[in-house]
Protein chains: 2
Amino acid sequence: MGRRKIEMKMVTDRSCRQVTFSKRRTGLFKKANELATLCAVQIAIIVFSPGGKPFSFGNPGVEPVVGRFLNRGDEHHDGQQRPQRLPRDSGGRRRRNQELKLGVSFFPPKYKLFQLG
Amino acid sequence: MGRRKIEMKMVTDRSCRQVTFSKRRTGLFKKANELATLCAVQIAIIVFSPGGKPFSFGNPGVEPVVGRFLNRGDEHHDGQQRPQRLPRDSGGRRRRNQELKLGVSFFPPKYKLFQLG
DNA sequence: TTCGCTATGTATAAGTA
DNA sequence: TTACTTATACATAGCGA
């Protein structure tokens, strides 16, 4: 999406990598904001810069969304459709391939979030 | 980015909204994957569909990134499209570097992840 | 770091199946 | 839900400050 097409490999130059990170992080958060607005959905993004600095975006906030995700087994879906249980058989292979391709997980988490204090 | 420009407000038609969600979620995860690859960074995205179904992307995984984020204490940057400047300047950076080196946090965590099962 | 520029590469709205 | 097409709108690489 620029003057030239770039390879999908790590940008070797530290400075260029940081610039690329900043630009693309901005673009990603903007897209996330659009998705939340257009579709009225909850979303959270957490990303650490090459320097280890944390950035996040959340609608309505990071922690509510993370909490809902991690605890979704116990969740009460008022007025909303419950997430369908995924079939183990048909379509499994294709879903698996899609997971590997996009890094998406359709499987339940193994962790739970607790607030301290 | 299509035949027509669309307004940045909720898509009223349920069916169209779901289609828009699916397309844009795919695009967002692809962008996230590119960011992770190009910049070699950790990233996690959690999003609930209009129907309440959870989708996630994580490099190297959702839980590790979420855990790292939640245990950073007061250094959250929630819900902002643009990163805020860190409250502390060079001294803070030095301390952060020391934190990263030692693998410890000087800030108390607000949440904790517990492994299930 | 961030800002502006702009030629190009990409994502996607609408339509159709 | 997803798949394909195509015209457009948009994101961004590379560069200079």
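Each chain gets a letter, A, B and so on, in the order its sequence line appears, and its residues count up from 1. Small disclaimer: the values here were computed from a predicted structure and weren't measured.
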Checklist entry - salt bridge (Lys or Arg N to Asp or Glu O under 4.0 Å): which pairs involve residues 38-49 of chain B, sequence neighbours left out? => result none
Item to check | Residue A:M1, side-chain heavy atoms: nucleotide from D:dT2, C:dA11, C:dA13 that is nearest | outcome: C:dA11
Next on the checklist: Show every side chain to side chain donor-acceptor pair (under 3.5 Å) that has at least one partner inside residues 37-51 of chain A, sequence neighbours left out.
Outcome noted: A:Q42-A:R68
Checklist entry - Near DNA chain C, which residues from residues 4-13 of chain B have a heavy atom under 4.0 Å away? => result B:R4, B:I6
Integer-rounded Å distance: [N] [atom2] and [X] [atom1]:
X     : N      : atom1 : atom2 : answer
B:L35 : D:dA13 : CG    : P     : 10 Å
B:R17 : C:dA14 : CZ    : C1'   : 18 Å
A:F21 : D:dA11 : CZ    : P     : 18 Å
B:R3  : C:dA13 : CZ    : C1'   : 8 Å
B:R24 : C:dA14 : CZ    : P     : 10 Å
A:K30 : D:dT12 : NZ    : P     : 9 Å

Per-pair distances, 0.1 Å, donor-acceptor, side chain in residues 2-10 of chain A, under 3.5 Å, sequence neighbours excluded:
residue: A:E7; atom: OE2; partner: A:K9; partner atom: NZ; Å: 3.4

Item to check | Results of side-chain contact (heavy atoms from CB on, under 4.5 Å) for A:V41 - residues two or more places apart only | outcome: A:L35, A:C39, B:F21, B:V47, B:P50
Item to check | Contact nearer the 5' end of DNA chain C, comparing A:S49 with B:V19 | outcome: A:S49
Checklist outcome for this item: Comparing nearest nucleotides in DNA chain C, the 5'-proximal residue of the pair A:K31, A:K23 is A:K23
Checklist entry - Under 4.5 Å between any side-chain heavy atoms of B:K23 and B:V19, yes or no? => result yes
Checklist entry - Quick one: salt bridge (charged side-chain N to carboxylate O under 4.0 Å, His left out) partners of A:R24, sequence neighbours excluded? => result B:E34
